[in-house]
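Right, one structure below, let's go through it.
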Amino acid sequence: MSETNASWFERAKAVIPGGVDSPVRSFRSVGGTPYTVRSGKGAYVTDVEGAAYLDFVQSYGASLLGHAHPAVVATLREAVTLGTTFGAPTPGEVLLAEAMTSRVAGLEQVRFVSSGTEAVMSAVRLARGATGRDKIVKFDGCYHGHSDALLVAGGSGVAQLGLPGSAGVTAGAVADTIVAPYNEVPTLDERVAAVLVEPVAANMNLVAPAPGFLAALREECDRVGALLIFDEVITGFRLSLGGAEEFFAVTPDVWCFGKVIGGGLPVGAFGASRGLLSALAPEGPVYQAGTLSGNPLATAAGAAVLELVSGEDLTDLTGRVERFATGLADAVASAGLFALTPNAGPLMGLYLSREQVPAPTNFAEARELCDNGLYGPFFHAMLRQGVALAPGAYEILFTSLAHSDEDLDRTIACAGEAAQIAAKT
Ligand SMILES: *Cc1c(COP(=O)(O)O)cnc(C)c1O
């Protein structure tokens, strides 16, 4: 049997539920069969049929330098010969922790885990343990991983599949989770342990924080003694080197990281001041652990990425994304549709619409645009031209440092074509 995307996906479906290990990868909301990736290089991925796609998925933000960056590959080659996991402290975790804490003001220590989900889950436990309070506040449409208490009103795949949350989550598990609309500062009280927020909401397509929203949230947390947790799993070391704190000049109490800091390998981390983290085992009573936490391969790859990326690189990428955003919106407009392409630093959203509408400020507004039926045909028309966007309207475009200006110009040209097709549906 010759290798095709269809044959691999058939085999996948037989042995993996839905054929995917994460629902966002399925083509359920756009229709059709996913391409099965054989390899990636820079801004491109190649499928098992040998077709190359300009890739704006970039592992949903895990790969900032593009795929298989030579320096990261070399680092991993060397690291793997030394052994891959020990169950003892290693230099690599210290080096990555030093690289992170030296870039983010106020971040004094980090504890490594193996995913963003674990990072946020552990940060919430820390916040509850440190404050002795139960309630947490999250925002509608923000995604914080798939732990029970945080899936409620989640963005990303939960939104893509039109789910309110998840079956299998008990009422008890979410009883202490309060959901508020994004961009509105909730009135808190002394039962709230922490407010958890994506400083730029990037799992309901892109919703930027309104001017002053994060600062007002900071103030409200301080008023009642609640902790402010920035979920920087996407924004960390991407929005700017210092992350959302530097970008918006608002300092959280707890940070959660993932994606970029693993250089394409499984990592997460949560961090805070030394004082707050002293509540964590083995020093304090809040338990948290992991066999593969601080894994030597993952921390080596992450440290290689942070070493390679400068603040200037991110500023430069932001400028290129801003031109890309304008070009894309113009191309779509000339094809008879409207595109909103809001950006925050190098993060960029894409909403298609038949009417000219203002950029969404919360999940309800984002959802209306994401569910208007235009994205599926647009997505497929882009894919046929060799440009891979995420197979769901709730995701953002990840432009990596490997995307060239020519790549972005070609994408703009393809978007004009794709918009004409989508307009006719
Ligand atoms: C991806 C993501 C997570 C979860 O990270 P995983 O590594 O997929 O568990 C948490 N928060 C945000 C903001 C994310 O984008």
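Because the structure is a prediction, the values reported are computed rather than measured. Throughout, numbering of the chain's residues begins at 1 and tracks the sequence. Remember, it's 1-based here, ligands and their atoms both numbered in the order they're listed.
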Asp21 and Arg25 ion-paired at < 4.0 Å = no
inquiry  = Within the 3.5 Å criterion, strictly below it, is a donor on Ser63 or Gln58 matched to an acceptor on the partner's side chain?
reply    = yes
request  = Could you pull out every protein residue that has a heavy atom closer than 4.0 Å to ligand 1, ordered by chain and then number?
outcome  = Ser115, Gly116, Thr117, Tyr143, His144, Gly145, Glu198, Asn203, Asp231, Val233, Ile234, Lys259
ask   = Any side-chain donor-acceptor pair under 3.5 Å between Thr315 and Glu312?
value = no
ask   = Which residue pairs pass the side chain to side chain donor-acceptor pair (under 3.5 Å) test when at least one of the two sits in residues 99-113, sequence neighbours left out?
value = Arg111-Gln288
ask   = Any side-chain donor-acceptor pair under 3.5 Å between Glu198 and Asn203?
value = yes
inquiry  = What I want to check is whether the side chains of Asp407 and Tyr44 have a donor and an acceptor closer together than 3.5 Å.
reply    = yes
